[in-house]
Amino acid sequence: MKDSQVRIRIPIHHPKEHRQASLAEVGSGSIATSLQKNKLMQQQPDTRGTLSTGVKPNRRITAVPSAVNSVDTALPIAGAAVHDTRAASPLQVTLPHLRPSAGRAPRWGSRRPWLPFAAMAGVLVLAMAVPALMAWPRQTAQPVPPSSRTAAPAAPSVTAKGETPVLRLPGVPPIPAVPAAPTRSMPVAAEPDVRVYVTSTGRTETLPLEQYIVGVVAAEMPPSFEGEALKAQAIAARTFIARRLLADDTSGAPAGADVTDTVKHQAYISKAKLTREWGHSGKSAELAKIQQAVRDTKDTIMVYEGKPITASFFSTSNGYTENSEDVWAKAVPYLRSVSSPWDKQLAPRYTETVTLSRQSVFDRLGLSRTAIAASTGGGRMPEIRILSKTEGHRIKKIEVGGSIFTGPEIRNKLGLRSAEFTWKAEGDRIAITTYGYGHGVGMSQWGANGMAKEGHTATQILLHYYTGISFAQASRILS
């Protein structure tokens with residue numbers, strides 16, 4: 001019987017590579033033996049190879065070096081025909097994606113060409129799913145802004161009894177809590193009244209505290225000063241009267257009054273006078289400026305260790321303020337000497353010279369002619385010699401005609417503007433030049449205006465002139 005032949009059609013993916021393969025390379029391979037090579041050379045060349053019918057149709061064909069058949073069958077190499085003497089029924093087998101090069105395995109997925117596409121599709125799906133899963137919201141709260149994702153977790157807020165605590169994410173501002181209705185209404189402290197003795201009328205005027213402060217600021221500080229300086233003056237004036245009201249101090253005032261309208265306590269312009277002389281004479285804008293400063297500082301006072309301070313103030317410094325003990329013989333911790341360089345630059349009457357007769361000086365100081373003659377050796381002018389100065393650069397002790405006086409004594413008896421002064425004898429007269437104006441303890445008003453011009457606030461001004469003080473509400477302290 002004529003041998004049945006199975007035609008094998010081999011698809012070639014790399015024809016150039018296939019054409020370059022030689023028989024020598026085939027002979028060196030492990031698929032065909034030397035005997036089989038001779039048989040191959042005797043056959044008629046054909047580009048279509050045949051496979052013996054003895055090959056099982058379901059047998060898996062690989063390109064490993066082992067032979068397909070156990071005896072003498074081999075895979076077709078370079079178009080050679082392969083014969084098998086065993087008879088079998090005709091069967092045509094197609095070997096998909098088999099590389100013709102000897103000793104190489106078929107490509108991955110050669111028998112399942114859809115696998116690479118499926119794998120790539122799976123990777124793409126996974127790449128798209130991971131970010132979506134990471135961004136999936138895990139809580140019902142609002143998303144955290146990107147800039148605050150690394151912020152530290154917020155501390156749990158304290159809630160009232162019976163309320164459910166609210167959880168929030170870091171960086172998300174808390175929702176303002178609605179205050180619970182008070183069980184009972186808290187009484188509001190009433191604004192205290194101030195009784196002021198008006199010297200021009202001889203009557204006592206009673207008015208609310210804040211209205212009284214308007215009259216004091218208008219009398220004590222020029223309205224042309226900076227707004228922050230006016231605020232500092234308002235707080236100082238309010239502190240002064242609050243201290244007296246708290247201590248029920250009416251010293252220096254007539255019966256039925258808390259204070260007078262003089263510099264003995266605080267200067268004051270009555271409401272009627274402000275309305276008549278300021279409101280209707282072109283100074284309404286200045287009055288409104290003072291009223292605004294009082295409103296901006298309403299109920300604010302200075303305290304030291306929880307008590308209102310002695311808020312002393314004066315017009316112009318000599319460049320420094322004074323320690324309280326150098327003026328009033330009592331050391332006060334918050335009335336310390338500090339620098340005040342603004343006065344010399346701004347105050348129009350920083351220096352002033354007065355000329356007194358020799359006899360007037362003797363009489364005011366209580367010096368007799370005999371004492372003067374003895375101290376001067378019969379001369380006409382008494383000897384004047386400075387013995388010491390204060391930390392505020394004012395005269396602490398001075399000798400005049402053999403008698404010793406303090407600087408404040410000389411200032412008060414001679415009516416000088418300051419305790420820092422120089423003098424020059426001119427015949428029977430003495431020319432005395434003073435520097436600054438006032439006792440020098442506490443806040444300098446011209447210095448406060450200078451600080452305000454430099455951009456300092458009212459609280460910064462007060463903290464400079466009153467050492468170690470803090471601020472409180474007058475209503476709470478007076479109630």
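Note that the coordinates shown come from a computational prediction; the quantities given were computed from them, not determined experimentally. What you see below is based on every heavy atom in this structure, not just the backbone, and it leaves out hydrogens, waters and symmetry mates.
Tyr212 pairs in a side-chain contact (heavy atoms from CB on, under 4.5 Å) with only one of the listed residues (Val259, Asp193, Asp258), which is Val259. Put simply, the residue from His393, Arg394, Lys344 that forms a side-chain hydrogen bond (donor to acceptor under 3.5 Å, both in side chains) with Asn318 is Arg394.
Counting only N and O atoms by type, the side chains of Asp296 and Gln292 include a donor and acceptor under 3.5 Å apart. Using modelled atom types and a 3.5 Å distance limit, the side chains of Ser312 and Thr310 yield no donor-acceptor pair. Donor-acceptor pairing under 3.5 Å is lacking for the side chains of Glu426 and Thr355. Donor-acceptor pairing under 3.5 Å is lacking for the side chains of Glu220 and Gln266.
Residue Lys283 qualifies as enclosed at atom NZ: its count of foreign heavy atoms under 6.0 Å is above 12. Around atom NZ of Lys413, more than 12 heavy atoms belonging to other residues, nucleotides or ligands sit under 6.0 Å away. Open room surrounds OH on Tyr320; 12 or fewer heavy atoms of other groups in view lie less than 6.0 Å from it. Annotation: Lys397, atom NZ; neighbour count of heavy atoms from other residues, nucleotides and ligands within 6.0 Å does not exceed 12.
Side-chain contact between Phe405 and Arg411 is absent, with no heavy-atom pair separated by less than 4.5 Å. Counting heavy atoms from C-beta on, the side chains of Val338 and Tyr465 come closer than 4.5 Å. Using a 4.5 Å cut-off on side-chain heavy atoms (C-beta onward), Ile398 and Phe421 make contact. Residues Met302 and Phe471 have side chains in contact (heavy-atom distance under 4.5 Å, counting atoms from C-beta outward). A 4.5 Å side-chain heavy-atom check between Thr260 and Pro254 finds at least one atom pair inside the cut-off.
Relative ring orientation between Phe240 and His265 is described as tilted, the plane-to-plane angle lying within the 30° to 60° band. Taking the six-membered ring where the residue is Trp, Phe225 and Trp446 present perpendicular rings, their angle passing 60° and hence far from 30°.
A distance of 8.5 Å separates CD of Glu205 from CD of Gln211, quoted to the nearest 0.5 Å. In this structure, CD1 on Ile384 lies 14.0 Å from NZ on Lys424, to the nearest 0.5 angstrom. Separating the CH2 atom in Trp423 from the CG atom in Leu356 is a distance of 14.0 Å, to the nearest 0.5 Å. Going from atom CG of Leu335 over to atom OH of Tyr466 covers 7.5 Å, rounded to the nearest 0.5 Å.
The pair Lys289-Glu286 does not meet the salt-bridge criterion, since no charged nitrogen lies less than 4.0 angstrom from a carboxylate oxygen. Here Arg295 does not pair with Glu210 in a salt bridge; the nearest charged N to carboxylate O distance is not below 4.0 Å. Salt bridge Glu325/Arg336: present, at least one basic N to carboxylate O contact under 4.0 Å.
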>> What verdict does the side chain to side chain contact (heavy atoms under 4.5 Å, CB included) test give for Arg244 and Ser251, after you've listed the backbone C-alpha separation in whole Å, the side-chain angles of each residue and the deciding distance to 0.1 Å?
In response: CA-CA 9 Å; Arg244 288 180 66 89; Ser251 59; 3.7 Å; yes
